[in-house]
Structures are given as structure tokens and as C-alpha cells.
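Letters go in sequence order (proteins before strands), and every chain restarts at 1. All of these numbers come straight from a predicted model, not from anything done at the bench.
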Amino acid sequence: MRMTLPRRSSVLRSAAVTVAALFGAASIVACGGSTTAPTATPTATAAAPKAAAASTTPSATPKPKPTGEITLYTAGPDTLAKSMSEAFTAASGVKVNVFQGDTGAVLAKLDAEKANPRADVIILADWSGALGLANGGLLASYLPEKGDKVPAAYRDSDSRFIAQGLTGLGITYNTKVVKTPPVLVADLAGPEWQGKVTMPDPAASGSVYGIVAAQTQKLGDTAGWALFQNLKKNGIVVLGTNAQALAPVLTGTKSAVFGAADYIALTSIQKGEALKVVYPADGTVIAPRPMMILKSSSNMTAAQAFADFVMSDAGQALVAKTLIIPGRSDVAVDPARQPLSALTPLPVDWSKAISAQPEALKKFAETVTR
Amino acid sequence: MQRPSPGSLAARPRARFLAIGEPGVTAFALITSAALLLLVAYPLALVFAQAVFPQFPLATSGASLDAFQRIWASNYHLGVIVHSAQVGVGVAIVSVVLAVPAAFLVRRTDMPARGVLDLLMLVPFTSSPFLTAEAWIVLLQRRGYVEQLTGLEASRSEALLYSYPGIVLVMALHLFPLVYFSVAGAVAMIPTSILDAARTSGAGWRRTGLRIVLPSLLPSILGGALLVFAAAIAEYGTPAILGVQARFIVTAVDIANLTSQHPVDRPLAAALSVVLLAMTMAALVAARALVAATSHQGARSGSSVTRIPIGYARWGGFVYVALLAIVAGILPWAAVIATSMLRTVSGGLEWGNLDVQRLLALPMQPAAQQALLTSVELAAVASTTVAILGTAIAYLLTRTRVSGRGALDVISMLPSAAPGVVIAVAVIIVWNQPFMPKGIYGSQWVLAIAYAIVFLPYGVRYAVAAMHAVPATLDDAGRTSGAGEVRRFRRLLLPLILPSIVSAWVLAFAIGMRELENSLIVRPPGTTTVATYMWQNFAQGSVIDGMGMAVVSFAVTCAALVAIRLALGRTDPPLG
């Protein structure tokens, strides 16, 4: 079998024809593309008054019965997505189409579908992601029933998104290789932790970015960044997602991961892995996991009913089962984990954090990741 | 290239566009081009559009080359592009060095166990790049399997793994089958008479190899190396996993970050993709120049081709190819299989930590079965589409004189240089438009379209190579005997190229069963493939179940491939 290639001059000519054709096609397609944008607005204008009516008078008018189906994009655990959607379908008869992926995949899909949105409800693990969508004017304003039981810090003041769950970002370590457990984050800069610590990437996760923001907001810029510089000097490795940062700790190759969402480690512990989670007093951050409804939703009634269900007793109990702290403060956590009251979290001013995010991420990448 | 004999198809005066004298060919050319344009050119055009129109697809205002200027002005992005070029060239060279001797030994000499080893050469390609990288980490890291089983300290192997040479080695061990299968066919076309003539003229093995064998293999080597280069610069999996700790970022990782990390910057991602596509076109031109600079003899029809006996050297050859098969294919899969049978990851490789029941119970779960069925359906449909379309394009390229067909060649090659996330976003933008047929984007079949785009370069390249190997004189004989175009194709060409088409189908099917990047983003709600099932498990910390799914999918893929091989017989022409 012989692979032959066209002559050089004809390749160049073909390449020129191709590029010209592609640019020509791009212009034609671009002109066609701009006409699709207006079709998105009729549904938005139809949904907006409904949403406004629902949020301003929640109890005045009886809610219409939800029908049809909705589409849920979620970065949350697959098990929770399944159990929540099945329970909701059983309770209301509304079918839920679930797309579950990493926060990155969900954001990429939402962005690519911008001209013709498909999703109704979105659940992210990333508070800054929610703020980004809200600032882009894509979210509907709706406070779910019992949503007022969620502390004000964990829901948007304009009700555009609300935390359906919370995770604590502490330190997870391997009990087989660690003799003296870490107590404070600053311990991880010590000699016995040289080259043995990992951390998820704040660029990949807004929750982890919350750690960076919290430290700089609490200690001030110089001392805050000094902490991360010390960790870098001590050989900390920044690995993409929660799971990627946790994997070497599972095998014992690394001793500890700082800043990974606790529910993943807690679930692994239930399965018998040799891990332990601690919440250091100088560095635990609470990461709220927001739920939101897209303005472009074509089934607003059912979307709001779903949001109500997630925040109901039944829904929050399902959240608790996955070892995530329920967003509502009046719902108990699973006995296998510590409740929110047992943690002393660092506060995060999220709006300040969001505005500083691009610069901070750049500095983190240059200081620690690269 | 053979000098065209007078009166043959190739020597006929250039026909005018669309007027070859057989209107069937015109219609055929139009339909094939339309299919290619819709499937491939339209999404790729959107990538170009995103780079130039920053608001695309919502608005087409503000056309600017700002994205390209930002790349040029940034040391980081430029450095990342240089890294990609380094990876592409490095992986291509190592793949060629590994694959060419192996292909010659297996397909042309009397090396023992060549049948089995030939089958094993496909194994490295059956795992997704991400899984291969994970397997090597699990093997070579501190407290990894090699350290646990042999007691050898792993700090040096870990350092090698997380470095540029490590990345190149892992990727080359994964991609070299592309060169292997490309060269394997050509190796079987070198007439034995020429080799004998060289021997009787006094040339030793080295001289014969350098002056006769290599030049005649050069087009197939370069064709395979080109596919490897494009695949290497577009690959996300291995550089994402190994490159982060090696502090070695490549463009594919940069593009994925820009597409999926907040704030999403699609114009910049699209501009970087255009850079990768340009690099591939440059490689295409360079490869062609290299081939043109060396002259070589083509195969003459009717010359005999036999296996070369190499005496005791065949045992050395056996050791080499067996080692290659073990290191590239068996070792990583052994690590995956071992991990899938553990009870806990932290328990390590201990007899007390085994839980084989869990692995065996996995295929019984409905979710796993659904994922397997979906993957098999999608891979089969996409591979068949690509086999048909690829053959049609190859026919247009090699057997007609339709002008502008060179553009088809370049367009069908380009998807191999686009990272999966770029194709995924383009496919969504194209098929999510309101005027597109309703049932496609919302169903699993949009994934089949994405897969077909990814496979098409392989389908076209293998079909073109196969058709080039069939001399034009055969066509002419058919024509003078009175057979029409369709009859000539069905009775003369198709039986001869079918083995190569099947090879391409098999390769595409193997890729489809483990395709990850497109699947993660393009799949509609409710659809899971084996790769996304595996990924979802990894993302939630369930490493063991994720590896288990990989093992089940591997078993299914291998079973399917062995069945096809047995049903259709060997894909290379039988040698005496």
C-alpha cells in the first residue's frame, strides 16, 4: 500500500482554494448565523413576564401544574442528578433530561448553544460561574419555595441563583503515609510535606479560586500570596480537577491534597479508602453549589417546580445523602460527615472575588502552576 | 509515481470541470463534495469564523484579526505553540523509528508468531490517550505498580514520565500503529526481484535497505507520519495529564482551557486552532517536497512478492516486535485491568485487596450495558459512513480528473489537526441551528456525525493509498472490454481495495469505541458512551469503576475486531 501525496504546486493551489472556500463559507455562514439570534428572544420575552410574576407573588396565585419535560445541565455528582431527577419525575410526572459533566464541559456546551439554548435548569459547582452567567443576563429571577431557609450569603440578592448544596474545601490526606496529620494550611509549607502536596487548579474551578480569594481578602495581598508562594517553594503540584488532584493521594504517591471538595473524599472513605478529611482553622472555605434557571427556558413552570423540589425536604435529603451539606440550614447533614456548624470557614466576598478573578488567576498561574 | 503510459487514464488531456463525458461521474462528484462540505467544511469554516468574528455566532460585527494579534503578542501562547510543534515532530520521528522495522519484519520476513504480533499492533490504539497516560502514571509513579512489584525505586521513572521525552514516548507508543498499518501494506508491494537483483549485484543488507527498501516505502512512511503529526499536535489527553506536572503546556490544552474555563474565550481558542491547522498544511507541503526529492520505483503489476528468509536474525526480530507489543499495548492494559480488580486504590496490589466480583458485575448493570450499546451503534455507523465517503472521495481523487478535487484532499485531512473540543463546539454550533433537522442534535446521532468528522482523515488516506496501488492499466483493460464506470468499480477496483477499506473501518471503530473529548461535550442529555461513563466515574473519585468500564469496553472492542478479522480473512495479500 503506497501513500502518495499530490504535487507541491497543486497542494499549494488546493490549499489556497480550500482557505478561500472556507473563508467564503465562513462569511456566508456568518450572515446566516446572525439571523438565528432573534429567534431566541421570543421565548425569553415570553418567559420573563412569567418569571417576574412568579417571583413577585409566590403565594398570591396558585402555581400552574408543571407538565412536559425539562432539561437539566449539572456539574454535580452523577448519582445525585439521577436520584433527584427520578424523584422529581415520580412526584410530578415531568420528564427530566439530564446532561452531567465537568463544570468545564457544561460551560463549553452552554456557550456553544448560545444562539439556540437547550437547557432549562443548570446546577454548577462554581459560584463564580453562576455570577458570570447572571452578569451576562442569562438567568431568570426566581426564589424557590423554602429558598429563604438558605443563608443569605449562599443565595443571590436578586434570586438569580441559590446554593442547593455546600462543600467544605479542607485538607484530605492519606492515613497510610501520613504520621502527623496537618492542622493548619501553613503546616503544608513545612519540610515533612516537601513535594507531597497537590491542589486543584483555581482556573478550572471557581470554588477552588474561592480559596485564593479568601486568603488574599483575609491576610491582605502580600501575606495572602506569600502563603501560596511558600507552598510552591515546598513543591506543591497544581492538578486540574478535584479528582485529578485526589488521585495521587489515593495511591499514596502524594500525601495530601489541599482545597479539594470534601464530598468526593468522604464518599471514598465510605468505600474503604485510607483517607481522612480535616478542616484547618486558617484555611477552610465553603464552596456553595449554585442552581439557576435560564431566562430562555421554554418550560418555565416545570423548571421552577424542579427548583422548588430541589429545595424541598425530599430534595435536600437527597443532597445530604451524597455527603454534600444541604443548602438549607434547617436540613441535617448525613451522619457520615461534619455539619456546617463544626467548621470555621474563611469568609469570601464573592463579588469582590469575581472582579479580581482574571488578574488573580493570571498571578496564580504564573506564581504557582507554571 | 509511474510515468503514465500513453492512452491510460492519467495521460488523457485535462477534462473541463464537470465535463468528463460521463454525466454520472459529475453527479457523483457533486454529491460527494456536498456531503464532505456539509460534514466537514461547514464546521471547520465556523472555526475560522469564530477566530475572525469575535461575537460569532450571535452577531457578525467587528471582524478583526485581534485574536491572532493577541497570540503574536503573548510569550505564553507562542511558547505553547512551539511546544506543540516539538511534540508533533518528536512523536512522528519516534513513531516512524518504532513502526517501520516492525512492519517490515511482520509483513515481509519469516519472523515467528507474526500473525499474533500483527494483531497485537492494533492494541495500543484501543485505549483513549487519557487512559494510556493514566495507566503509565499508575505503573511508574512512586508507590506505583512497578515499584510495588519489583521494589525498584520509582523517582527516576516518575521524573522521566513527567517530562518532554516522557510525553513524546508515551504518545509515540500510542500512535505508532498509524505508521505501522500505513507501511505494512506498502512493504508487501516491493517486488522480490528487485531485492534479489540488489543482492546478486553485491549490496549488503544495509545498502539494500537504505537504497531500495526505504525509498520505496517513503510515501507510505510520510503518509503515516503526517497522520501521527496531526494527531499529536491535536491531542489533549496525554499532554493534559503529564504536561501539567512537567510544566509543559501544548496548544491543545491551551485551547481546551480557553473553551471550558471561565471566562470562555472562543475567538482566541479558534485562532489557536487555525494555527494548528496551518501547521498541518505546512507538514503536508514539507512531506510532499521530501517525496518529490527522492525518486523511487513503483510496483509493477504481476511481479512476484515473497517472504524474505532472514535466518537467525528472525529471533532478534521476534524479540523486538514482541517487546514493542508488550510495552506499548499489553503493559498499559495490564495496569488498567489490575486496577479494575482492586477493592480500594489505597490498598495497592495486595492479594487481600482483590475484588474481581465487582468487575464481573459491571457489565450486568443496565447503565453500563446502555453505554456499551450506544458506543457500538455510534462507532459502527460512523465507521461505515466514513468507509463509504472516504472511498468516494478517494475515487474522485485518484480515478477522475474533476478539477478542484485537490481541495477535497486537503479538507478531508484537516479534522485530524483539530483538537476534539474544537470539533465538538463547531458541531454543536452547526447542528444546533433552528433550521437544521430537528431530530439530530437532540439525539445520539449528532455524536455519530462528530465521530465521522474525526475518522474521515483515516478513511480517505487509507482508501487513496489502496487505489494508488492498483495500476491504472487495470481500469483501461476494463474500459476496453466494455465495462461501464460502476461495473469497473464493483468488479475490478472494489475487491482489490476492500482489505484496506476494512483496515480503515477497523481503525475507525477502535477509535469510536473509546472517543472521549467530543463525546463529553456534544452528547445530548441522557446519552452515555463507554468513554463518558468511564470519565464520570473518574471525576467522582471512582477510579476502580472507571477502569472497570474501560476493561469491559476493551473486551467488547477486541471481540468485535477479532470477529471481523476471522470473517474477512487477513487484510494483507497472502504472500508465498
Practice problem: Please step through side-chain contact (heavy atoms from CB on, under 4.5 Å) for the pair A:K271 and B:I544, ending with a clear verdict. | Solution: CA-CA 11 Å; A:K271 292 194 196 147; B:I544 296 173; over 6 Å; no

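Heavy atoms only, all atoms of each residue included: B:P525 and A:T71 are closest at CG-CG2, 3.6 Å. The minimum heavy-atom distance linking A:D111 with B:R266 is given by the pair OD2-NE, 2.6 Å. Heavy-atom minimum distance, A:D102 versus B:A539: OD1-CB, 3.8 Å. B:G541 approaches A:A243 most closely through the heavy-atom pair N-CB, 4.3 Å. Contact between B:V425 and A:A112 at its shortest, heavy atoms only, is CG1-CB, 4.0 Å. A pairwise comparison of heavy atoms in B:Q536 and A:Q100 identifies NE2-OE1, 2.8 Å as the closest pair.
Counting heavy-atom pairs under 4.5 Å between each of A:V106, A:N174, A:L275, A:T253 and chain B puts A:T253 at the top. Heavy-atom pairs under 4.5 Å with chain A peak, among B:R142, B:E158, B:R143, B:E134, at B:R143. Options A:P248, A:A204, A:G101 differ in how many heavy-atom pairs under 4.5 Å they form with chain B, and the most are formed by A:A204. In terms of heavy-atom pairs under 4.5 angstrom with chain B, the leader among A:T198, A:N97, A:V98, A:T79 is A:V98.
The part of A:V238 that comes within reach of chain B is its backbone (N, CA, C, O), which places non-hydrogen atoms under 4.5 angstrom from that chain. Using a 4.5 Å cut-off between heavy atoms, B:F248 does not touch chain A at all. Residue contact with chain B, scored on non-hydrogen atoms closer than 4.5 Å, involves the side chain of A:Y73 exclusively. There is no contact between B:E147 and chain A, counting heavy-atom distances below 4.5 Å. With a 4.5 angstrom heavy-atom cutoff, B:V138 does not touch chain A via any of its atoms. Proximity to chain B is absent for every atom of A:N242, based on heavy atoms less than 4.5 angstrom apart. A:L246 does not touch chain B: none of its heavy atoms, backbone or side chain, sits under 4.5 Å away. In this structure, the portion of A:T369 lying under 4.5 Å from any heavy atom of chain B is its backbone and not its side chain.
The side-chain contact (heavy atoms from CB on, under 4.5 Å) with B:I428 is formed by just one residue from the set A:K114, A:K109, A:R118; it is A:K109.
Using a 4.5 Å cut-off on side-chain heavy atoms (C-beta onward), B:F538 and A:Q244 make no contact. Side-chain contact between B:Q141 and A:T251 is present, with at least one heavy-atom pair separated by less than 4.5 Å. A 4.5 Å side-chain heavy-atom check between B:Q245 and A:L239 finds at least one atom pair inside the cut-off.
The distance from the CG atom of A:L107 to the CD1 atom of B:I521 is 10.5 Å, given to the nearest 0.5 Å. How far OG1 of A:T267 is from CD of B:Q540: 8.0 Å, rounded to the nearest 0.5 Å.
Heavy atoms from other residues, nucleotides or ligands lying under 6.0 Å from NZ of A:K363 number more than 12.
A side-chain donor-acceptor contact under 3.5 Å links A:E273 to the backbone of B:S346.
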